[in-house]
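Keep in mind that what you see is a predicted model, and the values were worked out from it rather than measured. So you know, we letter chains A, B, ... as the sequences are listed, proteins then strands, and number each from 1.
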Amino acid sequence: MPGQKFTWYNGIGLLLALIFALFPVLWMLSTSFKPSDEWVKVPAVWVSGKPTIDNYLTVLAPEVLLEDRGGLDQYDEDGNLKQRSDESSGGGAQGAIADFLTKSAWQSIYGSLILASGGTALSIIVSLMAALAIARYRFGGNFTPFFILSARMFPPAAIAVPFVIMFSDVGASDTYWGLILVYAAVTVPFATWMLKSFIDDLPQEIEEAAMMDGMSRWKAHLFVTIPLIKGGLVATTLFIFILNWSEFLFALVLTYNKVSSIPVQMAKYFSATEGLLYGAQAALATVSIIPLVIIGFLIQKHLVRGLTLGAIKR
Amino acid sequence: MVTDPLLEIRSISKAFGNLQALDSIDLKVDKGSLIVLLGPAGAGKTTLLRCIAGLENPDAGDVLINGDEVTKWQPNQRDIAMIFDNLALYPNKNGYENIASPLRIAKAPKDQIKSKVDEVAGLLKIEHILDRLPGTFSGGEKQRVALGRAMVREPHFYLLDEPLSSLDFMLRIDLRTELKRLQKELGRTFIFATPDYTEALALADQVVVLMDGKVAQMAPAQELYDKPASKEVARFVGNPAMNVVAAQISGESGDPKLIIGGSSIDLTDSDKTKVPSTKDVEIGLRPTAITLLEGDDSVAAGYAKVSGVVNDLEPLGMHTTVGIEVGGESLVFTVEGVRDYQDGTPISVAIDTSALHYFDPTSGSRL
C-alpha cells in the first residue's frame, strides 16, 4: 500500500520469506565448495571448514583433476582402474572411468545456451503473433486460447515417447534444431497466454490511433504495440528462457552425445563408488544460474508496469 | 455538374453476434459541414464511426469518400483523422511527439513538422505541455493534445467519438465552443458523435439521431427539437424529457376533441388542423409548454387548463421540477424559484395547445 510505513515486523516477515526462498541457493553455494565427505554429513556442515574448488574442477576442467590423480594412465583401455595394491575394491565396473572425468561440462553449457536462446526466440516470435491474433483479431473465437493451452494438459512424459519415435524417423534426434523446435512447441502456450494478457491490458485504440495517423496494421503493431508491452515481453522472455534453461526430460530422451544441456550433464555426476556427486552437481548448478542472474540484472529496469499511464481517460 | 459528397454511406449494416449494431444506415456528408451523430449508449455511434474509419468492416453496404469506394481500404489508406473516446494518446511520447506523430509517419521534413506542431499547439494553447508525457496531463490537456494530433494534418474529414464526454461540465462547454470555432475557421469537416443532446444542438449543422442501429431522424438541430420524428427522439432531446401521455381523439374530423386523462382539452382552430385522424394517440408535450396557474384561474387563448395533484418535486435552485398527476397520467414541468408543495396538493396548469406533438402509440412515430 503506497504511503504506508515500513515497520520492523514487516522487515522480519520479509527476512523470513527471503531466508525461505534463498536457502536452497545458499545450500547449493555452500555444497559446491565442500569436499566429498561433507556433502551428506550428519549433523550438517553449514559452511565448510576446508573449502575446495575440486567440485568446480570436476565440472569445468576435469583434466586437471585427472592429472592430479595420476592421469589417464591408471585406467586400462576399457576405462577400468588398473589393479593397485592399496585398492581394496573388487575392480571391474566399480572403477570404470566416469564419462564426466574425460569431458568437461562446457559442451553442455554451450548446448544449454544455444537450446534455451533458440527455443526462447522461436517461442516468443510465434507467441507474439499468436497473442496479437487472438487479442486483437479475435482469431479462432473463444476457443483458440483454451485449445492452445490443452497442449500443456498432458504430462510431458506422455508426449516425450512419441517425440523420440518421430525424431528418430525424421533425423532430428541429437540435433540442436530438433530440440529447439520441441522447446518452442511446449512453451508457446505459456508465452501466448502471458503476452495475450499484456496486449489485452493495452487499449486497442492506441494502435488504432496509429493506424488513423497513417501506419499500416503491421507497423502499428511493430512500432506502437510492441514498445508499449515491452515490460511484459521482457518478463515473458525471461520466464520462457528459464523454463528452457532448466528443461530436463526432453533433453534427456532426445539427445545422445552430440548435443547436451546442463540439466542432462548434471545427472551424469554419478560415480559407482561415491554415488551422486552432490558437490559437482552444486558446482554446475551454481555456474548455471550465473547467466540468469546477469540477464535478470540487465533487464530489471524494463520489468516495469504502468507504461500506459496517461494514454487514455479513465 | 453534380459533385460527389465528401462522404457517402450506403446502407451500412454491422452485427456483433446477435446484436445488430448498425442496420442499413445511409448518410451523406458535405465538405465543410459539422455533422453530429446523436444517440444513447449502444445506439451504434462508435460502430458507425469505426466503419467509416476502416477499423471495422461492415457486413453489408459501402463507404465512399469523394466518390471513391473505400469499403475495403485499410484505415491508413483513407486519410481520415479520428479522436477516440478514450483519446488514446501515445503514453510513451511527449506532447510534441504525440502531435507530430502523423507527420512523422508521413515522413514530412523536420522543419515542416516543427512549424506545423507549433502552429497547432498555439491554436490549442498547449505550448507549455509539449515536452511532458501524457501521464502528467490534465483531462483538458489530454483532450487538446488528441485534438492537436488530428488537426496537425489535413485529412478528408475528422471523426470525433464522444471526445468531451469525460471532461468537467465547464471545460466541456469551453472546449465545445472552441471546437466549433476551429471547425469554422479552418473550414474542416467534422463528424462528431455524442450522447449529449445539448452538445449536438450547440454544435451541429445537421444532427443524425441514431437509435438501436437505425437512423431515427436526420435534421437540422432546431428541427430536431421542434419536430422530433418519433417519441423516442422527442424524449431523448430535451431536459426534462418531453412528457408523453396517452390521449384519445373523438368527434368528427373537422372538429376533433382531445381527451387527456379523462379531461377534455380545448383546441384552437389552427390546432385542430394538426390533430391526426386516429382515435388513440400519444401526446408529446415539452415541459416548457406547461405553465403553472396561480391565483387567477383564467387561461389565455391558445392555452388549455388542466388540473391535477402534485406527485413529484425536485428543487434545483433557480427552478423546481414539478410532477403532476392528471387522471392517471403524469406530466412534468418546471417552475421558477423554489416551491414547497406536498404530494397531493391540487394545482392547475396551462398547456400551450399549439406545442402539442402527436405520436402513434404502437410505432412511436410522429403523426
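For R153(B), the part lying under 4.5 angstrom from a heavy atom of chain A is the side chain only. If you measure heavy-atom distances from A220(A) to chain B, you find no contacts under 4.5 Å at all. Heavy atoms closer than 4.5 Å to chain A are found nowhere in A106(B), neither backbone nor side chain.
The number of heavy-atom neighbours closer than 6.0 Å to CZ of F23(A), taken from other residues, nucleotides and ligands shown, is above 12.
At a threshold of 4.0 Å, the pair R50(B)-D161(B) does not count as salt-bridged, since none of the basic side-chain nitrogens sits closer than that to a carboxylate oxygen.
Aromatic ring orientation, W245(A) versus F241(A): parallel (interplanar angle below 30°, classes split at 30° and 60°).
Of the listed residues Q204(A), R217(A), K219(A), the one with more heavy-atom pairs under 4.5 angstrom with chain B than any other is R217(A). When each of R104(B), K93(B), M82(B) is checked for heavy-atom pairs under 4.5 Å with chain A, M82(B) comes out on top.
The distance from atom CD1 of I226(A) to atom CG of L202(A), rounded to the nearest 0.5 Å, is 11.0 Å.
Of all non-hydrogen atoms in V25(A) and I289(A), the two that sit nearest each other are CG1-CD1, 4.4 Å.
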